[in-house]
Amino acid sequence: MDLLWPIKWLIELILVSAHTGLSYLGLGYDSGISWVLAIIALVLVVRSALIPVFVRQIRSQRNMMLVQPELMKLQKKYKGKNDRESREKFAREQMDLYKRTGSNPFSSCLPLLLQMPIFMGLFFVLNGAQRNEAGVGLLNADLAFSFSQAEMWGAKLSDTFFGSDAINVKIIAGIMIILMSGSQFITQKQIMAKNQNPDVQNSQFMQTQKILLYVLPLVFLVSGLTFPLGVMTYWLVSNFWTMGQQFVVIRNMPTPGSQAYKERQERLARKGKPLDEQPKPLSANDDEVEDTQTPTQPDSGQRQQPVSKNRAKKKKKK
């Protein structure tokens with residue numbers, strides 16, 4: 001059984017519906033522009049559906065930034081301790097820290113991973129269309145042929161950089177590959193340049209972000225050489241969406257302590273609006289609780305709420 005069957009069916013539904021609607025509006029049934037706009041419609045639908053995931057990603061990334069000082073303390077605490085017990089304690093305390101603060105070190109990759117089935121489904125749909133094969137849903141043989149033969153600036157949507165000897169195909173594919181890699185680089189760069197706290201510059205999280213700065217564009221650069229132009233159109237438009245979305249988020253929801261955060265505070269001050277309150281990271285010491293009741297308290301039959309150690313000390317002083 002084809003695991004991508006439902007995704008292929010949805011992709012074909014969106015593509016064919018958008019293409020049919022555009023054809024009714026007067027665009028050519030077999031024209032490249034109608035199919036390109038249909039692919040753009042697919043991007044808009046997919047990325048709009050992923051907005052809640054993106055918001056969760058941003059919140060998790062902010063928490064990851066805030067928790068870096070505590071994580072660095074934890075790494076320093078277990079530095080040089082390579083025995084099994086120490087490694088297990090470090091891993092356990094690290095996971096507890098992530099859980100308490102709602103942070104996720106893999107959050108930046110989540111939207112990309114969720115899009116991969118869509119990307120693969122589109123690739124297989126178009127790959128079948130190249131051979132004039134009908135899809136699993138609304139993309140019948142006639143539509144598949146129209147899709148594969150549709151031209152964009154003289155290049156078919158089914159053409160690839162290595163699969164065609166035409167100069168215009170290589171030029172168009174080359175430009176799209178450069179734009180794909182460049183947009184990915186700019187998106188990652190603006191996170192690191194404007195949306196990071198200088199205090200965590202040398203943290204493991206930021207080192208990972210620096211690696212992604214060069215790895216992801218390289219992936220687009222290499223893989224783009226084998227992708228059909230139709231698939232690259234989807235990925236390029238999706239990258240532009242991500243770049244614009246990231247710009248809006250950094251401007252309005254910057255990481256506390258970052259350059260973007262300072263610029264937002266200055267804008268709010270100039271407009272006479274209240275400044276954003278900088279959140280404080282959850283310290284490991286503040287989250288330890290005592291589950292036992294104090295001896296002087298009578299048992300009322302109700303469950304005693306956990307009390308943090310800091311609050312308990314204050315009560316004793318009173």
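In this structure, I40 is a member of the same hydrophobic cluster as L13, with clusters built from ILVMFWY side-chain heavy atoms closer than 4.5 Å. The hydrophobic clustering, which links ILVMFWY residues whose side-chain heavy atoms are closer than 4.5 Å, places F247 and Y261 apart. Cluster membership for L218 and F161, using ILVMFWY side-chain heavy atoms within less than 4.5 angstrom, is shared. Residues L221 and I178 do not share a hydrophobic cluster, clusters being chains of Ile/Leu/Val/Met/Phe/Trp/Tyr side chains in contact below 4.5 Å. Transitive grouping of hydrophobic side chains (ILVMFWY, heavy atoms separated by less than 4.5 Å) brings W9 and V16 into a common cluster.
With respect to E85 and K89, a salt bridge is recorded, a charged nitrogen being found less than 4.0 Å from a carboxylate O. Using a 4.0 Å cut-off between charged nitrogen and carboxylate oxygen, K77 and E93 count as a salt-bridge pair. Ionic pairing of E88 and R92 is not present here: no N-O contact between side-chain nitrogen and carboxylate oxygen is shorter than 4.0 angstrom.
For the side chain to side chain contact (heavy atoms under 4.5 Å, CB included) with Y234, the lone residue among V36, I11, V46 that qualifies is V46. The side chain to side chain contact (heavy atoms under 4.5 Å, CB included) test with I14 is passed by exactly one of V45, L138, L44, V43: V45. Of the candidates V219, I175, L236, M180 forms a side chain to side chain contact (heavy atoms under 4.5 Å, CB included) with just one, namely L236.
Taking CD1 from I39 and CE from M232, the interatomic distance works out to 11.0 Å, rounded to the nearest 0.5 Å. Rounded to the nearest 0.5 Å, atoms CZ (F227) and OG1 (T233) are 12.5 Å apart. A distance of 9.5 Å separates CG of L3 from CE of M120, quoted to the nearest 0.5 Å. To the nearest 0.5 Å, the span separating CD1 on I7 from CH2 on W5 amounts to 12.0 Å. Rounding to the nearest 0.5 angstrom, the gap separating the OG1 atom in T20 from the CG atom in L15 is 10.5 Å. Considering CZ of R270 and CZ of R267, their distance stands at 7.5 Å, rounded to 0.5 Å.
Residues T226 and T160 come closest through the heavy atom pair O-CG2, 3.6 Å. In terms of heavy-atom proximity, S158 sits nearest to P228 at O-CB, 4.0 Å. Considering every non-hydrogen atom in both M176 and L229, the closest pair reads CE-O, 3.8 Å. Across every non-hydrogen atom of V169 and A155, the tightest pair is CG2-CB, 3.7 Å.
S31 and S34 form a side-chain donor-acceptor contact under 3.5 Å, judged by distance and modelled atom types alone.
Remark: the backbone N or O of N82 is not paired with any side-chain donor or acceptor of S86 at under 3.5 angstrom. Under a 3.5 Å cut-off, the side chain of S146 and the backbone N or O of D142 do not form any donor-acceptor pair. Side-chain N or O atoms of K156 include none that pairs as donor or acceptor with a backbone N or O of Q149 at under 3.5 Å. Judged by distance alone, the side chain of K170 and the main-chain N or O of S164 form a donor-acceptor pair under 3.5 Å.
Listed by chain and number, the residues in a side-chain hydrogen bond (donor to acceptor under 3.5 Å, both in side chains) with N168 amount to none (sequence neighbours excluded).
Applying the salt bridge (charged side-chain N to carboxylate O under 4.0 Å, His left out) test to every pair with at least one member in residues 4-15, sequence neighbours left out, gives these pairs: D2-K8. Among residue pairs with one or both ends in residues 236-245, those qualifying as side chain to side chain donor-acceptor pair (under 3.5 Å) are R47-S238, R47-T242, Q115-S238, S183-N239, W241-Q245; sequence neighbours excluded.
Aromatic ring centroids of H19 and F147 lie 6.0 Å or more apart.
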